[in-house]
Each structure stands twice: as structure tokens, then as C-alpha cells.
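Protein chains get the first letters and strands the later ones, always in sequence-line order, with residue 1 at the start of each.
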There are 2 protein chains.
Amino acid sequence: MVDTRFPVSLHIMTGLANHHPDLVNSEQLAKSIQTNPSFIRKIVVSLSAAGLVESVRGKTGGIRLAKKAKDITLDQIYRAVTDTTLLALPKKTPNKTCAIACGIGNVLCQLTREVEDNALKQLSKKTLQDVLNQVMA
Amino acid sequence: MVDTRFPVSLHIMTGLANHHPDLVNSEQLAKSIQTNPSFIRKIVVSLSAAGLVESVRGKTGGIRLAKKAKDITLDQIYRAVTDTTLLALPKKTPNKTCAIACGIGNVLCQLTREVEDNALKQLSKKTLQDVLNQVMA
DNA sequence: AATAATGTATTCGCTATAGATACATTATTA
DNA sequence: TAATAATGTATCTATAGCGAATACATTATT
């Protein structure tokens, strides 16, 4: 299966932006995304740790943006919920009898970092407000 | 599990570049990458369809680059073996009662395309020869 | 005290991937 | 011509990763 945390997070954040500054609960978010509240809450923990959302416990609790949508960039959301690299890296220890196998790991690692830095720079140019505007247009 | 076709392909191609224009068989490549010959051959089919390698059947057969390493760019390798998008896209039909859910799909799709175009443009600036040089340095 | 939200842990099922195996096809070579 | 050794291809299996589902402790409101 594919990791959907970033698209789901963007969906969550856009929903919150749309209702800002009201609280929205995980049940409502789950309905919109067609998933279960528990999964929403797990993702919200990451978004909260990154300072992007606030969650309020208790009977009238819920979730809201921690800052204005125009002050949240997409790379912040991406970083908050993604721990894998954009390009896959092999995890086997290289065959030590082969010069290529020994050297290719570092090359791939550096290449991945370059691609990822670039993608994040690109994502940093779009704000959550941009996304909301585009969705509502 | 993670899709390792691109890193494995880069490894294969670098190995072939190093022995160019000699034939290398799938057994040798599998040893270097620590996988099985069948998996190598499956990937080689894709690389071959993209015109990046040639394979020769029969007793003295094997695999070699179809052109010089300096004329092969990394985006060509990536495209040859990758059919997924760089960022995940949700595949559920959106909740039609929610404006956000209805609009977010297109936004994500466009965003993914932008990020991917950019990454491929970046990969197109590096040649297989560059990778071989870096590995051997 | 009852209610309703988040936080968190656990279990389950599904899917995608690579591993493993087998064998047909093809070309060399003895 | 027969034996050999390579690719091409199909199939099955094991496993890892992900989200679904569930349960329940914790917390705050009413």
C-alpha cells in the first residue's frame, strides 16, 4: 500500500483552514476524507508536534489551525508527517567484493537528498491559503 | 514494502557502464545487488523497452548499454521503470457532500505533477557517466 | 455524574513487492 | 546435432507496510 499521510494531511489542513478558527472534530474530518477518526487523530498528533495545529481535549474539544493558513507552507506539512525519503534507498549491506555496490549507496543517498531538497523548496512556495483558494475556486 | 526499482536500475546501469561495451549476465548483476537473477531480468525488460540497454539471448548472451553512459540521463532511467507518482494520490471517490473533498483531488494531482516535473528536470541534468565517475572516485 | 472529545495501544486484513522456482526459447559450441 | 548456458516469462510464496477497526484511558464540559 502507498503512504497517504501527506495527501490526507493536506486534506485535513484545508478543512481546518476552511473553518478557521473554529474547532473541527476528528469524526467530521474522517467523514470528509472517508477514513476513520483514529487515523485522523494519529496524523493530527504529528501535525500538532510540528506546531501546525492545536487540539483541545474534553467534551467540546476538537482540532484547529495553530496559525493562519497564509502562514503555513506545504513543505511544513510534508515534513511534519513524512519520515521516508522521496526516492527509495536500498537497505541491504553492499556486496563488499564489488566496487559499484560499495560506491552506489552514497551516490544514491546524495541524489535523493538533492531531489528532496528541491521538492521541499518548491512546496515551500505554496501556502495552505493558496490551496484553500484553489479548492474553493 | 518499498519499490526499489529505480535504485536497483541505477545500480544495474552503473555496472553495465563500468563494463561497457562488454556483456554482463543477470547472474553477475544479481550478485552485486544481492538479489535474484529473475528480478534483474524483469527490470532489464523495462530498461530495454526504453532503449537504454540491449540484451542478447543464447549461450554467450547477456546485457549491455544500448548507448554511451554520457548519453543516458537519470530521468530516462527513472521513467523507464517507474509507473507510480512521486507523491501519493488518494484513490477513493471523494465525499460528494463536502466541497473540500471534491476540490482537493485536482489540487493534489496538479501539485504532484509540478513536483514530479521538477524532480525529473533535475534528474535529466545528471548522466550515467556522472554517476559512474562519482562511484569510482 | 454523564457526556463527548482527544490520546494511545493493539489487532487484523489487504496489497504491493521481492524472492524463489520452473521452464520455454534462443544461440553458441563441442 | 546435442549439450550448454543465456534471456524471457509465468507462477507461487513470504513478508513488510499501511490503514481499518476496536477498545479504552484521559480530559473537559455541562
Q: Not counting sequence neighbours, which residues clear side chain to side chain contact (heavy atoms under 4.5 Å, CB included) with B/K68? List them please.
A: B/K70, B/D71
**Q.** Residue list, side-chain hydrogen bond (donor to acceptor under 3.5 Å, both in side chains) with A/T97, at least two apart or on another chain
**A.** A/N95
(Q) Which helical stems does DNA chain D take part in, if a stem means at least 3 consecutive Watson-Crick or G-U pairs with both distances below 3.5 Å? (A) C:1-30 with D:1-30
Q | nucleotides 23-30 of chain C: protein proximity per nucleotide (B base, S sugar-phosphate only, - neither; heavy atom, under 4.0 Å) | A | --BBBBS-
Q: With sequence neighbours excluded, give me every ring-ring contact (aromatic ring centres under 6.0 Å, His included) pair touching residues 17-73 of chain A.
A: none
**Q.** Value in whole Å for how far the P atom of D/dA6 lies from CD of B/E27
**A.** 8 Å
Q: With sequence neighbours excluded, tell me which residues meet side-chain hydrogen bond (donor to acceptor under 3.5 Å, both in side chains) with B/E27.
A: none
Q: Report yes if at least one side-chain N or O of B/S55 is closer than 4.0 Å to OP1 or OP2 of D/dT7; otherwise report no.
A: no
Q: Apply side-chain hydrogen bond (donor to acceptor under 3.5 Å, both in side chains) to B/R57 and list each qualifying residue two or more places apart in sequence or on a separate chain.
A: none
Q: Whole angstrom is fine here: how far is it from CG in B/L23 over to C1' in D/dA5?
A: 13 Å
**Q.** Nonpolar side-chain network containing A/V56, other nodes, edges under 4.5 Å
**A.** A/L23
Q) Reading nucleotides 14-20 of chain C from the 5' end, what letters show protein touch, with B for base, S for backbone sugar-phosphate only, - for no heavy atom under 4.0 Å? A) BBSBSBB
Q. With ILVMFWY side chains joined below 4.5 Å, transitively, what does A/V45's cluster contain besides itself?
A. none
Would you mind writing out the side-chain donor-acceptor pairs for residues 125-137 of chain A within the sub-3.5 Å range, not counting sequence neighbours?
residue	atom	partner	partner atom	Å
A/K126	NZ	B/E114	OE1	3.4
A/T127	OG1	A/Q129	N	3.3
A/T127	OG1	A/D130	N	3.1
A/T127	OG1	A/D130	OD1	3.4
A/T127	OG1	A/D130	OD2	3.3
A/Q129	NE2	A/N133	OD1	2.9
A/D130	OD2	A/T127	N	2.9
A/N133	ND2	A/Q129	O	3.4
A/Q134	NE2	B/Q110	OE1	3.0

Q: Measure the spacing between OG of A/S32 and NE2 of A/H11 and express it to the nearest 0.5 Å.
A: 3.0 Å
Q: Output all residues satisfying side-chain hydrogen bond (donor to acceptor under 3.5 Å, both in side chains) with A/T4, sequence neighbours left out; order by chain, then residue number.
A: none
